[in-house]
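The structure displayed is predicted, hence computed values, not measured ones. Both counts, for ligands and for their atoms, begin at 1 and track the order of listing.
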Amino acid sequence: MPLNRRTLIAASLSITFVLAPLTSVFAASPAPAKGEHGMVVTAQHLASEVGIEVLKKGGNAVDAAVAVGYALAVVYPNAGNIGGGGFMTIRFKDGKSTFLDFRERAPLAATKTMYLDKDGNPVKGASLNGYLAVGVPGSVAGLEMAREKYGKLSRQDLMAPAIAYAKDGFILKQGDAASFAGSADRLAKDPAAAAIFLKPDGKPYGIGERLAQPDLAASLVAISEKGPDAFYKGAIADAIVKASGAKGGILAKPDFEQYAVRELKPVTCNYRGYEITSSPPPSSGGVIICEILNVLEGYPLSYLGEGSAETVHVMVEAMRYAYVDRNSALGDPDFVDNPVSKLLDKAYAKDIRDKIDPFRAGVSQDLMPKGFGESKETTHYSIIDNDGNAVAVTYTLNGSFGAGVVADGTGILLNNEMDDFTQKPGVPNLYGLVQGEANAIQPKKTPLSSMSPTVVAKDGKPFMVIGSPGGSRIITITLEAIVNVIDHGMNIQEAIDAPRIHHQWLPDTVYIEPFGLSPDTEKLLAGMGYHLDLADQTWGQAAGILVGGKSLAEIEKGGGARYNGAIDSRASSGEALGY
Ligand code: GLY
């Protein structure tokens, strides 16, 4: 091991480095989209157009986020939804911020052991498929609260594009068709879902074909005319409760009647002079991103270099410690006393740095034995308007197409968010992950999430809007985009496209995106004691905006576009649109 590396890493354990990025790396990424008045980045190109049109006709970023939320429910039904839930982080033009939690809640009849058999073992698939997997949806209440409190336009105006796409249909492009093809077998099991998403011959819709969703259009019209009561107190809730009762679920009318959005204070932290604003519990996202950033602040990442063994080592160790905390300590704030201030304390980060061996991989089994489990299908979008209001939304059905069920006549796909709860504390779940007691199932409780809609500010001005799907990897995907911009000098598209690494405490494996590291680097890491997995393919689809230039270098020169948008090159149907 070279002496300079020993010296640097050992020194960095006790010294906080604040280094400006050196030069931009030369990754092979397309140029970010540019805009002077607004930017909308979503995982589906038609939804991005809907958002940009709202901005052009005078809506603010919250209006655009509401319209996009409804549009994605139609044109991106694998994750966009009104039958699921999510989070919205808003940073207003005056620098204030807020957070809307419209994630699903457990039904009143839910119990801690509802997914266990008589011997106390998890029943395979019970928390993933069918009505028993469904949490009480929050998206309609959340989007309406955002619009009412912080938007400018009418509900009818914002829902009209979604209604039109549902009624008239939309033509599938390659990226759209791929998601249907991958879930055809599952959708075929529910006659109402199959009738919408499969053709009469049972095959999924393909490229160039039109998908219309008349039942969903009717549900959206009812919500547009009557507001959330049409969903929570009217015929839609009745239909879902009826289908649930008939097909093994436990949803009841009071679950819908009692659903309430929570407006929470976002989590904030400071990383090398940048102010991060992100999701508080019931998401682990903001807390764990901040905990990892606090640890990383003590290392000269810019000097160590993107993708070097040294950088990967300290990032993995920071992730290992932070994910133990995530898995053992965090849960719904109405049920669990979350130690947020301890986890965000810079002194706590230093304690973690002190425990990291500069030359050897840590051992997960030596840390506290707690865990978590999550699915990988979600969607994130980022929006900024002409006034500088920035909105980051991550919302989800959990699994692709959620629980794979639609109540007759509603056209609404329902989530399988109950799978994000601990099914049996201390026992690996269906993904082989170990879960903690703080996230155990209780009536009206919200399962712990990793969704991390994040806004970064610098000197009181918006700097970056960022987030991603990716289950437990949402946290590291969002974190790495931030680090790639701030420490490695990448432009926003490069930062999002750059190969990723991930570690989540258990399994004690460093996941590395294929071709992410050189063989030499892999050998160095293996020599330090790391077990590497280069085969896994789940790497999310980040959507980001950088303000004032496409990269820090361009911002510092003062010559960049005002808004620079990037959709992940991994997202086959997405688009960043500016104007
Ligand atoms: N279901 C993914 C998450 O909430 O993190």
Side-chain angles (χ1 to χ4, degrees), residues 43 69 72 76-81 83-89 99-106 115 127-129 133-139 142 261-262 264 267 278-289 319 322-323 326-327 330-333 336 338 371-381 392-404 413-423 429-431 433 435-436 438-439 441 445-454 466-479 502 504-505 538-543:
L72 285 169
Y76 196 70
N78 55 317
N81 70 82
F87 302 133
M88 181 182 292
T89 304
F99 180 84
L100 301 184
D101 163 20
F102 53 94
R103 185 160 164 82
E104 299 88 334
R105 318 269 183 251
Y115 298 114
S127 62
L128 285 168
N129 302 313
V134 180
V136 185
S139 292
V261 180
R262 284 183 287 201
L264 302 170
V267 157
S278 192
S279 47
S283 182
S284 59
V287 179
I288 299 306
I289 286 175
M319 290 172 189
Y323 271 81
R326 180 211 184 275
N327 303 342
L330 299 180
D332 183 331
V336 175
N338 290 292
F372 70 98
E374 269 175 66
S375 169
K376 295 159 180 165
E377 290 283 345
T378 294
T379 190
H380 173 84
Y381 52 98
V393 177
T394 315
Y395 78 147
T396 186
L397 288 167
N398 192 32
S400 189
F401 295 96
L413 272 163
L414 294 166
N415 68 84
N416 57 359
E417 210 68 62
M418 292 295 286
D419 190 61
D420 273 358
F421 276 118
T422 301
Q423 275 137 60
N429 76 352
L430 296 172
Y431 300 103
L433 299 168
Q435 306 190 65
N439 190 30
I441 304 171
K445 190 174 175 185
T446 290
L448 186 64
S449 172
S450 292
M451 293 190 288
S452 310
T454 299
I466 188 72
S468 179
S472 56
R473 298 180 190 201
I474 290 171
I475 293 170
T476 54
I477 292 168
T478 307
L479 167 98
H502 175 75
Q504 58 184 36
W505 176 62
T538 309
W539 294 101
Q541 300 182 344

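- Residues satisfying the salt bridge (charged side-chain N to carboxylate O under 4.0 Å, His left out) criterion with E417, sequence neighbours excluded, are R103.
- Listed by chain and residue number, R262 satisfy the salt bridge (charged side-chain N to carboxylate O under 4.0 Å, His left out) test with D332 (two or more places apart in sequence, or in another chain).
- The main-chain N or O of G285 is never found under 3.5 Å from a side-chain atom of S450 such that the two would form a donor-acceptor pair.
- For ligand 1, the polar-atom distance check finds an N/O of E417 within less than 3.5 Å of one of the ligand's N/O atoms.
- Here is the list of ligand 1 atoms found below 4.0 Å of a heavy atom in D420: 1 (N), 2 (C), 3 (C), 4 (O).
- Residue T378 has no nitrogen or oxygen atom sitting less than 3.5 Å from a nitrogen or oxygen atom of ligand 1, judged on distance alone.
- Numbered from 1 in the order shown, with element, the atoms of ligand 1 that lie under 4.0 Å from a heavy atom of R103 read 3 (C), 4 (O).
- Judged purely by atom type and a 3.5 angstrom limit, N439 has no side-chain atom pairing as donor or acceptor with the backbone of G331.
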